[in-house]
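Taking it in order: structure first as structure tokens, then the write-up.
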Amino acid sequence: MGKAKKKKPSMTLHSAARQVTSTPEITAPKMNPALLRLLVIFPNVLSYILLFGVIVYIMTNFSELQAAGALTFWVILSVVFAPMALFTTYSIVKRIRAGVM
């Protein structure tokens with residue numbers, strides 16, 4: 001019986017060298033904490049401004065919204081926005097105190 005031929009590896013020399021020299025852990029670049037806080041806190045402030053605007057809109061147009069039957073929608077909208085804004089603020093403050101941001 002004949003000798004079995006050895007199979008050549010399918011990798012080229014260049015790709016094999018690249019495999020050996022690559023590091024197994026790739027770390028993402030770190031973002032400046034002040035910039036991260038700004039990018040996270042700015043939308044949170046905008047959500048409070050939106051919530052305040054919805055409440056002012058309901059207060060100034062209460063009778064018209066009631067007559068049109070749209071008061072329920074706006075009250076539900078403000079009731080949904082309030083806990084969302086509060087929870088987001090709580091989450092941000094918790095991360096800042098933990099030193100993540």
Side-chain angles (χ1 to χ4, degrees):
M1 305 268 169
K3 291 184 182 179
K5 291 186 177 180
K6 280 191 174 182
K7 241 184 177 181
K8 289 187 177 182
S10 61
M11 285 191 273
T12 64
L13 182 59
H14 181 68
S15 64
R18 191 172 5 147
Q19 259 187 344
V20 172
T21 58
S22 66
T23 58
E25 298 173 21
I26 299 174
T27 56
K30 297 279 184 177
M31 186 181 284
N32 185 355
L35 180 63
L36 180 62
R37 281 189 207 116
L38 180 68
L39 290 174
V40 170
I41 292 173
F42 183 68
N44 192 35
V45 171
L46 289 178
S47 71
Y48 278 108
I49 292 170
L50 177 65
L51 179 62
F52 179 72
V54 168
I55 291 171
V56 168
Y57 178 75
I58 292 171
M59 290 173 29
T60 57
N61 298 311
F62 186 79
S63 59
E64 290 86 4
L65 290 172
Q66 198 171 20
L71 182 61
T72 307
F73 168 76
W74 287 99
V75 169
I76 289 172
L77 189 69
S78 63
V79 167
V80 168
F81 276 165
M84 287 170 52
L86 291 172
F87 179 74
T88 305
T89 302
Y90 167 75
S91 161
I92 291 170
V93 168
K94 187 171 73 170
R95 286 177 181 237
I96 289 174
R97 287 186 180 159
V100 177
M101 279 195 256

ask   = Is it the case that one hydrophobic cluster holds both Leu36 and Ile92, taking links as side-chain heavy atoms less than 4.5 Å apart, direct or via other members?
value = yes

remark   = Across all chains, not counting sequence neighbours, the side chain to side chain donor-acceptor pair (under 3.5 Å) partners of Tyr57 are none

request  = Calculate, to the nearest 0.5 Å, the distance between atoms CD1 and CG belonging to Ile55 and Leu50 respectively.
outcome  = 10.0 Å

query = Got a sec, which residues hit side-chain contact (heavy atoms from CB on, under 4.5 Å) with Arg95, two or more places apart in sequence or on another chain?
reply = Ser91, Val100, Met101

ask   = Does Thr89 have any side chain to side chain donor-acceptor pair (under 3.5 Å) partners at least two apart in sequence or in another chain, and if so, which?
value = Asn44, Tyr48

ask   = Do the side chains of Phe52 and Met59 join up, straight or via other hydrophobic residues, at under 4.5 Å, putting them in one cluster?
value = no

request  = Taking the side chain as every heavy atom from C-beta outward, state whether Ile41 and Ile96 have any atom pair closer than 4.5 Å.
outcome  = yes

hydrophobic_cluster_shared for Leu51 and Val40, side chain cutoff 4.5 Å = no

Mind listing the side-chain donor-acceptor pairs of residues 70-88 below 3.5 Å, one per line with the distance, residues two or more places apart or on another chain?
| residue | atom | partner | partner atom | Å |
| --- | --- | --- | --- | --- |
| Ser78 | OG | Trp74 | O | 3.4 |
| Ser78 | OG | Val75 | O | 2.8 |
| Thr88 | OG1 | Met84 | O | 2.7 |

